[in-house]
**Q** 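Before anything else, here's the structure in question.
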Amino acid sequence: MKALARSLFENNDVLFVARSLLGKTLWLQTETGLRAGIITETEAYAAQNDRACHAANGRRTARNEVMYGEAGRAYVYRCYGIHLLLNVVTAAVGKPEAVLIRALRPLGIEHNASVASGPGKLTKYLGISPQHNGIDLCDSPLWLSEGEEVPDEAVVFTPRIGVAYAGRDALLPYRCYIRGEKSVSRPLFPKYPLHI
DNA sequence: ACACAGATACTCT
DNA sequence: GAGTATCTGTGTC
């Protein structure tokens, strides 16, 4: 399946890209085989002004360096010491935005809808490793292709998960998922601690 | 159906 | 040293 063109990721509206990735197919070819899934849940992280973003206030470190680079590359980082999380870098070079891929409907083993129903679970399902950090999703064994059309009526927007530390930005509706999907990590609207 | 704790390692102060 | 874009198992209603 043909990889998506970089032009989609170069868009400077990260929420638009997050929504556009719903229904796309994510693939990873490893030594143990080819795995794929339909993206059913994403989150947008919007550069310097977004306090939930790793690049908030222009923070630039070894960890988040790829966010400042070319769109269409993978930003993989370790969370809670245990889980690897996969993002797609978006926007122009120097504008550190990314879309977190939060859930997949696995292809080939549809009976197990929950095997990739969360950002840490999907990287384990696909076989993502820290070495995938920075690789080009437009030309590598980790890539995106077309999948299913997702009409606007099927897209639900909610605040993002696990970013209460971001104050008012924790309330931004930057999470999107496909209504009715069994693989979504938290289909119902979550409870949010509201400290602004 | 929640609610909680524990795991675990890396990043940044 | 503190915090973390999470997941699982166990306990309670």
Side-chain angles (χ1 to χ4, degrees), chain A residues 9 14-19 21-22 26 35 37 39-69 71 73-91 95-106 109 112-134 137 142 156-178 181-196:
Chain A
F9 310 118
V14 67
L15 185 57
F16 173 82
V17 180
R19 183 260 177 274
L21 291 183
L22 293 178
L26 177 62
R35 293 210 174 166
I39 295 174
T40 57
E41 179 183 353
T42 60
E43 280 177 359
Y45 285 85
Q48 289 93 335
N49 293 330
D50 177 2
R51 291 162 70 186
C53 183
H54 285 171
N57 300 313
R59 213 161 84 230
R60 184 166 188 163
T61 65
R63 181 178 70 159
N64 68 12
E65 181 60 31
V66 299
M67 290 189 78
Y68 286 83
R73 292 188 178 267
Y75 172 37
V76 177
Y77 75 95
R78 192 179 299 276
C79 186
Y80 294 103
I82 303 168
H83 302 102
L84 294 171
L85 270 58
L86 171 66
N87 298 253
V88 180
V89 173
T90 70
K95 189 180 184 194
E97 306 202 317
V99 174
L100 171 66
I101 310 299
R102 285 194 58 90
L104 303 176
R105 182 196 328 133
I109 52 167
N112 192 352
S114 66
V115 75
S117 60
K121 293 168 79 173
L122 77 88
T123 57
K124 185 179 177 190
Y125 160 71
L126 288 176
I128 298 279
S129 79
Q131 300 194 336
H132 293 294
N133 187 42
L137 298 169
L142 176 63
V156 181
F157 291 91
T158 82
R160 294 167 291 187
I161 305 291
V163 297
Y165 58 85
R168 61 177 161 76
D169 290 343
L171 300 175
L172 295 170
Y174 281 2
R175 174 185 181 230
C176 44
Y177 66 85
I178 303 176
E181 272 291 332
K182 293 214 165 34
S183 62
V184 168
S185 65
R186 290 194 59 172
L188 300 179
F189 202 86
K191 294 171 187 167
Y192 287 94
L194 205 128
H195 51 81
I196 301 177

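The basis for the numbers below is simple: all heavy atoms, side chains too, and nothing from hydrogens, waters or symmetry mates. Chain identifiers are assigned alphabetically (A, B, ...) following the order of the sequence lines, protein sequences preceding nucleic acid strands; residue numbering begins at 1 within each chain.
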**Q** To the nearest angstrom, how far is A/Glu65 atom CD from B/dT11 atom C1'?
**A**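 After rounding, the reported distance stands at 15 Å.
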**Q** Would you please enumerate the stems DNA chain B participates in, each stem being three or more consecutive Watson-Crick or G-U wobble pairs with both distances under 3.5 Å?
**A** B:1-7 with C:6-12, B:9-12 with C:1-4
**Q** Taking heavy atoms of chain A and a 4.0 Å limit, find me the 5'-most and 3'-most nucleotide of DNA chain C within that range.
**A** C/dT4 to C/dT8
**Q** Do A/Tyr77 and A/Asn133 come close enough that some side-chain heavy atom pair is under 4.5 Å?
**A**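 A/Tyr77 does not reach A/Asn133 side chain to side chain.
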**Q** Atom OH of A/Tyr125 and atom CG of A/Leu26: how far apart are they, to the nearest 0.5 Å?
**A** 9.5 Å
**Q** Should A/Val88 and A/Thr42 count as side-chain neighbours, where that means a heavy-atom distance under 4.5 Å?
**A** no
**Q** Nearest whole Å is fine: how far is B/dA9 P from A/Arg63 CZ?
**A** 17 Å
**Q** From A/Arg59 CZ over to A/Cys53 SG, what is the distance, rounded to the nearest 0.5 angstrom?
**A** 8.5 Å
**Q** What's the spacing between A/Leu137 CG and A/Leu142 CG if we round to 0.5 Å?
**A** 5.0 Å
**Q** Quick one, A/His83 and A/Thr123 - any side-chain contact, counting heavy atoms below 4.5 Å?
**A**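 No, every pair of side-chain atoms sits at 4.5 Å or beyond.
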**Q** Would you indicate whether the side-chain heavy atoms of A/Tyr174 and A/Val163 approach each other to under 4.5 Å?
**A** no
**Q** Can any side-chain N or O of A/Lys121 pair as donor or acceptor with the backbone N or O of A/Ser114 at less than 3.5 Å?
**A**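 Between the backbone of A/Ser114 and the side chain of A/Lys121 there is a qualifying donor-acceptor contact (under 3.5 Å).
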**Q** Going from OG on A/Ser185 to CZ on A/Arg175, what distance comes out if it is rounded to the nearest 0.5 angstrom?
**A**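 CZ of A/Arg175 is found 4.5 Å from OG of A/Ser185.
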**Q** Out of curiosity, A/Leu100 CG to A/His54 NE2, how far, rounded to the nearest 0.5 Å?
**A** 9.0 Å
**Q** Mind calculating the distance between NE2 (A/His83) and C1' (B/dG6) to the nearest angstrom?
**A** 12 Å
**Q** Quick one, which residues of residues 117-126 of chain A touch DNA chain C with a heavy atom under 4.0 Å?
**A**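 Here the set is A/Gly118, A/Pro119, A/Gly120, A/Lys121.
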